[in-house]
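Worksheet for the structure shown next.
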Amino acid sequence: MFLLNSIPGSQPFGPLNLITRSPVLIPRPETEHWVMELAQRIPAKPQSPKRLLDLGTGSGCIPLLLCHLLPPGSLHACGVDISEHALRLATDNAELCGTPTPTESDAGHKNTFMATLGNVLSPSFSADAKINPPYDIITSNPPYIPWDEYLCLPRSVSDYEDPRALFGGPDGLSFYHAIASLVQRNGFLQPDAIVALEVGHDQARDVEQIMRTEAHMHAVEIWSDPWGKHRTVVAHL
């Protein structure tokens with residue numbers, strides 16, 4: 001399901017009300033559901049804050065909702081996107097939500113968020129995006145539409161939404177392979193790290209296998225959305 005809006009507006013996401021602007025995808029209730037569940041699984045404490053990397057952050061909805069739900073000072077989040085439009089929107093939403101960047105004078109003991117430009121499919125992603133592992137939490141709602149489905153999208157989607165936020169390669173799995181390659185690197189994840197990935201309606205088993213065989217994460221769960229669809233693959237070191 002895609003929520004469309006070519007005119008600037010707003011969209012509820014948990015207790016937040018986020019700004020929406022085309023061509024950035026509007027946050028969806030399926031995503032909200034698993035992020036709320038994830039927040040309950042993160043043992044976040046201000047005395048030992050967690051570090052989160054959100055890949056393909058879009059509006060910033062995932063890290064900003066986690067920043068809102070977790071105890072103040074317990075989360076430092078970074079959102080990466082290939083789209084300048086998305087980075088501006090995520091930054092605007094962080095300001096709207098009162099979530100400071102780590103360098104702001106009022107950051108203090110608050111949860112923080114920063115947005116940075118990067119392409120997760122690039123071999124030089126880590127250097128280009130200026131990210132700083134290791135991370136405790138990786139989240140992503142990446143592009144996962146395969147080519148045959150992308151060609152059949154209604155004009156109401158294809159004319160207004162950034163194709164880079166939709167097209168996931170010939171089989172829809174390109175970004176999951178890239179994420180697995182990233183997180184399996186030595187020193188990229190903290191011990192006991194968690195990786196939570198939203199998936200398409202028939203991709204959960206394939207992504208589960210990718211996380212096991214390519215990311216070498218053997219504790220892997222599949223979460224369903226409120227409509228009974230396998231929606232999120234959650235892997236633990």
Side-chain angles (χ1 to χ4, degrees), residues 3 9-21 24-81 83 85-118 120 129-142 165 179 183 188-190 192-198 223 231-232 234 236:
L3 301 178
S10 63
Q11 174 69 23
F13 194 71
L16 304 179
N17 197 39
L18 300 177
I19 303 165
T20 61
R21 285 196 298 263
V24 183
L25 293 180
I26 294 176
R28 305 182 303 167
E30 300 97 315
T31 308
E32 174 189 310
H33 179 263
W34 71 257
V35 176
M36 300 281 282
E37 176 66 23
L38 180 63
Q40 298 181 41
R41 306 284 188 99
I42 298 173
K45 299 178 181 178
Q47 56 267 38
S48 54
K50 301 292 185 182
R51 302 182 70 243
L52 177 147
L53 180 66
D54 184 47
L55 300 169
T57 200
S59 65
C61 61
I62 294 172
L64 291 175
L65 181 53
L66 289 171
C67 282
H68 181 85
L69 294 173
L70 296 178
S74 67
L75 185 67
H76 300 303
C78 175
V80 181
D81 208 286
S83 165
H85 293 289
L87 296 181
R88 286 194 293 270
L89 180 57
T91 300
D92 289 346
N93 274 322
E95 183 176 355
L96 177 67
C97 295
T99 304
T101 65
T103 58
E104 287 182 34
S105 59
D106 66 340
H109 298 291
K110 297 180 180 179
N111 292 334
T112 63
F113 170 78
M114 62 174 291
T116 186
L117 187 69
V120 71
K130 299 180 177 62
I131 59 173
N132 185 29
Y135 291 98
D136 302 281
I137 308 155
I138 306 293
T139 56
S140 186
N141 179 14
I179 292 169
V183 302
F188 197 86
L189 296 179
Q190 291 277 22
D192 301 319
I194 184 170
V195 178
L197 308 174
E198 184 165 328
W223 295 355
R231 183 58 58 192
T232 317
V234 181
H236 307 259

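Treat the numbers as computed from the prediction; the structure is a model and nothing was measured.
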task: Walk me through it: do Ile138 and Leu189 pass the test side-chain contact (heavy atoms from CB on, under 4.5 Å)?
output: CA-CA 9 Å; Ile138 306 293; Leu189 296 179; 3.6 Å; yes
ask   = For Asn132 and Arg51, what are the C-alpha separation, side-chain angles and deciding distance, and is it a side-chain contact (heavy atoms from CB on, under 4.5 Å)?
value = CA-CA 10 Å; Asn132 185 29; Arg51 302 182 70 243; 3.8 Å; yes
Distance check, rounded to the nearest 0.5 Å: [X] atom [atom1] versus [Y] atom [atom2]?
X      : Y      : atom1 : atom2 : result
Met114 : Thr99  : CE    : OG1   : 14.0 Å
Arg28  : Arg231 : CZ    : CZ    : 5.5 Å
Ile42  : Leu75  : CD1   : CG    : 6.5 Å
Leu25  : Gln11  : CG    : CD    : 12.0 Å
Leu53  : Thr116 : CG    : OG1   : 9.5 Å
Arg41  : Ile137 : CZ    : CD1   : 13.5 Å

Are any non-hydrogen side-chain atoms of [X] and [Y] less than 4.5 angstrom apart?
X      : Y      : answer
Leu69  : Met36  : yes
Leu65  : Pro63  : no
Val183 : Tyr135 : no
Arg21  : Arg88  : yes
Leu89  : Ile19  : yes
Cys61  : Val35  : no
Leu64  : Leu96  : no
Asn141 : Ile62  : yes

Pairing residues for [X] by the side-chain contact (heavy atoms from CB on, under 4.5 Å) criterion, not counting sequence neighbours:
X      : result
Gln190 : Pro134, Asp136
Thr101 : Thr103, Glu104
Lys130 : none

Residues pairing under side-chain hydrogen bond (donor to acceptor under 3.5 Å, both in side chains) where one sits in residues 53-64, two or more places apart or in two chains, turn out to be Asp54-Thr57, Asp54-Thr139
| message | Please list all pairs meeting side-chain hydrogen bond (donor to acceptor under 3.5 Å, both in side chains) that have one or both residues in residues 60-81, counting only residues at least two apart or in different chains. | response |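 Applying side-chain hydrogen bond (donor to acceptor under 3.5 Å, both in side chains) to every pair that reaches into residues 60-81, excluding sequence neighbours, yields His76-Thr112.
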Could you tell me which non-hydrogen atom of [X] sits nearest to which non-hydrogen atom of [Y], and how far apart they are?
X      : Y      : result
Pro49  : Gly73  : CB-O, 3.4 Å
Pro72  : Pro46  : O-CG, 3.4 Å
Pro100 : Asn111 : CD-O, 3.4 Å
Leu87  : Gly79  : CD2-O, 4.4 Å
Ala90  : Ala115 : CB-CB, 4.5 Å

- Looking only at atom types and distance, does a side-chain atom of Thr31 sit under 3.5 Å from a main-chain N or O of Pro27, one as donor and one as acceptor? no
- prompt: Ignoring hydrogens and geometry, is there a side-chain-to-backbone donor-acceptor pair from Asn17 to Ser10 under 3.5 Å?
  reply: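 No.
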**OP:** Go through the side-chain N and O atoms of Glu198 and Ser140 and say whether any donor and acceptor fall under 3.5 Å apart.
**Re:**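 Not at all, the side chains of Glu198 and Ser140 share no donor-acceptor pair under 3.5 Å.
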(Q) Going by the rule ring pair (Phe, Tyr, Trp, His ring centres under 6.0 Å), which residues pair with Phe113 if we only count those two or more places apart in sequence or in a different chain? (A)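 Result, ring pair (Phe, Tyr, Trp, His ring centres under 6.0 Å) vs Phe113: none returned.
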Problem - Derivation of the side-chain contact (heavy atoms from CB on, under 4.5 Å) call for Trp34 and Leu197 - result: CA-CA 10 Å; Trp34 71 257; Leu197 308 174; over 6 Å; no
Exercise for review: Look at atom CD of Glu37 and say whether more than 12 heavy atoms of other residues, nucleotides or ligands are closer to it than 6.0 Å.
Suggested key: yes
